[in-house]
Protein chains: 2
Amino acid sequence: MSNIELLPMAEPDSSDVAPCCPPLTERPFTVEEAETAAPMFKALGDPVRLRLFSAVASHEGGEACVCDIADVGVSQPTVSHHLKKLREAGLLTSERRGTWVYYRVEPSVLAAMGRLLAPPHTS
Amino acid sequence: MSNIELLPMAEPDSSDVAPCCPPLTERPFTVEEAETAAPMFKALGDPVRLRLFSAVASHEGGEACVCDIADVGVSQPTVSHHLKKLREAGLLTSERRGTWVYYRVEPSVLAAMGRLLAPPHTS
DNA sequence: GCATTGGTTCGACGTATGTCAACATAGATG
DNA sequence: CATCTATGTTGACATACGTCGAACCAATGC
C-alpha cells in the first residue's frame with residue numbers, strides 16, 4: 001500500500017529534491033531550466049553510460065561495486081570516465097569502502113526526471 | 001472522442017514507437033536496449049533542443065509552428081538543425097500545411113521515456 | 001618495503017556535435 | 001513570371017566527446 005513514506009528519511013530533502021523543472025509539457029522551458037535539465041539527459045544519452053547506470057540502479061540496494069558492472073565492452077579507464085560523467089551529472093554518487101569503490105543512484109534525481117517526462121492530461 | 005487514431009498514418013513505423021525497454025531500475029540494460037534508448041536521451045541532452053521540445057510539447061494540442069518556437073537565441077538554420085535531430089530521434093513529427101511547418105510530439109515516446117525512469121518499488 | 005589488484009587520471013587520437021553564413025526550396029501573392 | 005516569406009540544406013569551423021594505453025594512487029598481503 002502507501003507505506004512508501006515510512007522510511008526514516010535521513011536526508012530531509014530526499015523527497016522533494018531536484019524541483020529543477022516542471023513537466024516538459026506544462027510550459028516552454030526557460031533557458032535556466034533547460035541548462036539545468038539537459039546535462040542529466042545528456043549523461044544518459046550514451047549507450048555505455050545508460051548500461052552502467054542501469055546496472056547500478058538495478059543492483060541490490062541501488063548500489064554496486066565497479067568490479068560488478070565494469071563488463072560493458074570498453075576498457076576500464078573508459079568505464080571510469082563514464083562513471084565520472086554520471087557523477088558530475090548528479091545521477092550517481094561514489095564511495096570507497098576498503099578495496100572497492102561503490103556507486104549508487106540518487107533516487108530523487110530519478111524521480112525528478114520521471115516527473116519531467118510526465119505525459120499531459122490526456123482527457 | 002478517441003479520434004486520435006483516425007489519421008492516415010503515412011509512416012508505418014510511427015505508431016508502435018518505443019515499447020523499447022523496461023524501467024532502468026528493473027535489470028541491467030542489454031546492449032540493444034541501451035542503443036535503442038540512448039538516442040532519445042541524447043536528443044534531449046542539448047539545452048536548445050530541450051527548449052524546442054518543451055515549446056512544442058507545451059503548445060496547444062502538442063503542436064506548434066516553427067515560427068512560434070524559433071526564438072531560442074540561435075540562428076534559424078540552427079533551429080532547423082535541432083528540430084531535425086528531434087525528428088530523427090523519433091520525438092517529433094513534422095508536417096507542412098501551406099506556408100508553415102508544424103511540429104508535434106510523439107505522445108507514446110514521452111510515455112515510454114517516463115516509464116524508463118519509473119522509480120523502483122520502495123516497499 | 002615490495003608486489004598485486006582495483007580504480008582513477010593523463011595525454012593523445014579520431015569522430016561527432018553545435019553553430020553560423022550562404023544558398024536552395026516551397027508556397028503565397030502580386 | 002517575379003518576388004517575398006518561411007524552412008530546410010550545405011559547407012565550413014571550433015569545440016566537445018568517446019576511446020584507448022600508459023602512468024599513477026589506494027588498499028591489501030607477503
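Reminder, nothing fancy here: chain letters follow the sequence lines and each chain counts from 1. It should be emphasised that the depicted structure is a prediction, and the values quoted were computed from it without experimental measurement.
Of the candidates dC20(D), dA26(C), dG18(C), the closest approach to any side-chain atom of Arg96(B) belongs to dA26(C). Of the candidates dT19(D), dG18(C), dA21(C), dT19(D) carries the atom nearest the His82(A) side chain, counting heavy atoms from C-beta on. Comparing dT9(D), dG18(C), dG7(C) by their closest approach to the side chain of Lys85(B) singles out dG18(C). Residue Val48(B) places its side chain closer to dT19(C) than to any other of dG7(C), dT7(D), dT19(C). Looking at the side chain of Gln76(A), the nearest of the listed nucleotides dT19(D), dG7(C), dT7(D) is dG7(C).
Side-chain contact, Arg87(A) with Tyr103(A): a donor N or O sits under 3.5 Å from an acceptor N or O.
Residue Lys42(A) places at least one side-chain N or O under 4.0 Å from the OP1 or OP2 atom of dC17(D). Between Tyr103(A) and dG6(C) there is no side-chain polar atom (N or O) within less than 4.0 angstrom of OP1 or OP2. The phosphate of dT7(D) has OP1 or OP2 within less than 4.0 Å of a side-chain N or O from Trp100(B). Distances shorter than 4.0 Å separate some side-chain N or O of Ser75(B) from OP1 or OP2 on dC20(C). Under 4.0 angstrom from either OP1 or OP2 of dG6(C) there lies no side-chain N or O belonging to Thr99(A). When the side-chain nitrogen and oxygen atoms of Arg49(A) are compared with OP1 and OP2 of dG18(D), one or more of them lie within a distance under 4.0 Å.
Rounded to whole angstrom, the span from the CG atom of Leu52(B) across to the P atom of dT19(C) amounts to 10 Å.
Contacts of Tyr102(B) with the nucleic acid, taken as non-hydrogen atoms under 4.0 Å apart, are absent. Here His81(A) lies in heavy-atom contact (under 4.0 Å) with a base.
Within 6.0 Å of atom CD in Glu32(A), 12 or fewer heavy atoms from other residues, nucleotides or ligands are found, so the atom counts as exposed in its surroundings.
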